[in-house]
Trainee: 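I have a structure here, written as structure tokens, and I will follow up with some questions on it.
Since this is a predicted model, take the numbers as computed values, not measurements.
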Amino acid sequence: LKTKTPLFGICLGHQIIALANGISTYKMHNGHRGINHPVINLKTGKGEISSQNHGFAIDEESLPAQWTVRFRNLNDNTVQGIWHNDLPFFAVQFHPEHAPGPVDTTWLFDEFYNTICEHTT
């Protein structure tokens, strides 16, 4: 974080990036497990299908102003993705690397690649 190296957190990485930035997490009653969990991309308004396997979520109330919620779970409205407003950091709670499973969110790897390219030139 201090070196401003691009970061893309997935699942536990999402929670670690949150905790490292003062964002709280909490244990969910049931958690999210399995494929075909709908999330909404708040930037595009597009619904996407994701694979998930987690029992904790980040607390939106503790989100600092420099972070933006980018994805929400459509079943329970939990935060599923956050983006830093100024630095090359973002994270998602779901698994875009899923295999087998839905491929709706694999574009995130292209976004991360492009972020790396922008910050190394």
Trainee: Would you give me the side-chain donor-acceptor pairs under 3.5 Å for residues 72-79, sequence neighbours excluded?
Mentor:
{"unit_1": "Arg72", "atom_1": "NH1", "unit_2": "Glu60", "atom_2": "OE1", "d": "3.0"}
{"unit_1": "Arg72", "atom_1": "NH1", "unit_2": "Asn77", "atom_2": "O", "d": "3.1"}
{"unit_1": "Arg72", "atom_1": "NH2", "unit_2": "Glu60", "atom_2": "OE1", "d": "2.9"}
{"unit_1": "Arg72", "atom_1": "NH2", "unit_2": "Glu60", "atom_2": "OE2", "d": "2.7"}
{"unit_1": "Asn73", "atom_1": "OD1", "unit_2": "Asn75", "atom_2": "N", "d": "2.7"}
{"unit_1": "Asn73", "atom_1": "OD1", "unit_2": "Asp76", "atom_2": "N", "d": "3.3"}
{"unit_1": "Asp76", "atom_1": "OD1", "unit_2": "Thr78", "atom_2": "N", "d": "3.1"}
{"unit_1": "Asp76", "atom_1": "OD1", "unit_2": "Thr78", "atom_2": "OG1", "d": "2.9"}
{"unit_1": "Asp76", "atom_1": "OD2", "unit_2": "His32", "atom_2": "NE2", "d": "2.7"}
{"unit_1": "Thr78", "atom_1": "OG1", "unit_2": "Gln80", "atom_2": "NE2", "d": "3.2"}

Trainee: What about Val69 and Ile58, same hydrophobic cluster or not, with Ile/Leu/Val/Met/Phe/Trp/Tyr joined at side-chain heavy-atom distances under 4.5 Å?
Mentor: yes
Trainee: With the side chain counted from C-beta on, respond yes when Gln52 and Val39 share a heavy-atom pair under 4.5 Å apart, and no when they do not.
Mentor: yes
Trainee: Scan side-chain atoms only and decide if Glu111 and Trp83 contain a donor-acceptor pair under the 3.5 Å cut-off.
Mentor: yes
Trainee: Could you go step by step and tell me if Val92 and Leu108 meet the side chain to side chain contact (heavy atoms under 4.5 Å, CB included) rule?
Mentor: CA-CA 9 Å; Val92 293; Leu108 289 164; 4.0 Å; yes
Trainee: Quick check against the 3.5 Å criterion: does Thr68 have a side-chain atom that pairs as donor or acceptor with the backbone of Arg70?
Mentor: no
Trainee: Write down the atom of Ile40, the atom of Gly47, and the distance for their closest heavy-atom approach.
Mentor: CD1-N, 3.9 Å
Trainee: For residues Ile23 and Asp59, report the shortest heavy-atom separation together with the two atoms involved.
Mentor: CG2-O, 3.9 Å
Trainee: Are Leu7 and Trp107 connected in a single hydrophobic cluster, I mean Ile/Leu/Val/Met/Phe/Trp/Tyr linked by side-chain heavy atoms less than 4.5 Å apart?
Mentor: no
Trainee: Are Phe71 and Phe112 in one and the same hydrophobic cluster, where Ile, Leu, Val, Met, Phe, Trp and Tyr link if side-chain heavy atoms are under 4.5 Å apart?
Mentor: yes
Trainee: When hydrophobic residues are tied together by side-chain contacts of less than 4.5 Å, even through go-betweens, does Ile82 share a cluster with Leu87?
Mentor: yes
Trainee: Of the non-hydrogen atoms in Asn85 and Ala65, which two are nearest, and what is the gap between them?
Mentor: ND2-O, 3.0 Å
Trainee: State, to 0.1 Å, how close His54 and Cys11 come at their nearest heavy-atom pair, and which atoms those are.
Mentor: CB-SG, 4.2 Å
Trainee: Got a sec: does the OH of Tyr26 have more than 12 other heavy atoms crowding it under 6.0 Å?
Mentor: yes
Trainee: Please round to the nearest 0.5 Å and tell me the distance separating atom NZ of Lys4 and atom NE2 of His119.
Mentor: 10.0 Å
Trainee: Verify the ring-centre separation between Phe89 and Phe8: is it less than 6.0 angstrom?
Mentor: no
Trainee: Rounded to the nearest 0.5 Å, what separates atom CZ in Phe94 from atom NE2 in His14?
Mentor: 9.0 Å
Trainee: At what distance, to the nearest 0.5 angstrom, does CD1 of Ile35 lie from OG of Ser50?
Mentor: 10.5 Å
Trainee: Atom CG in Asn53, atom CZ in Arg33: separation rounded to 0.5 Å?
Mentor: 5.0 Å
Trainee: Could you measure the distance from the CG atom of Asn21 to the NE2 atom of His84? Nearest 0.5 Å is fine.
Mentor: 6.5 Å
Trainee: Closest heavy-atom contact between Ala20 and Leu1?
Mentor: CB-CD1, 3.6 Å
Trainee: Looking at CZ of Phe109 and CD of Glu97, how far apart are the two atoms once the value is rounded to the nearest 0.5 Å?
Mentor: 5.5 Å
Trainee: Which heavy-atom pair separates Thr115 from Pro88 by the least distance, and what is that distance?
Mentor: CG2-CB, 3.5 Å
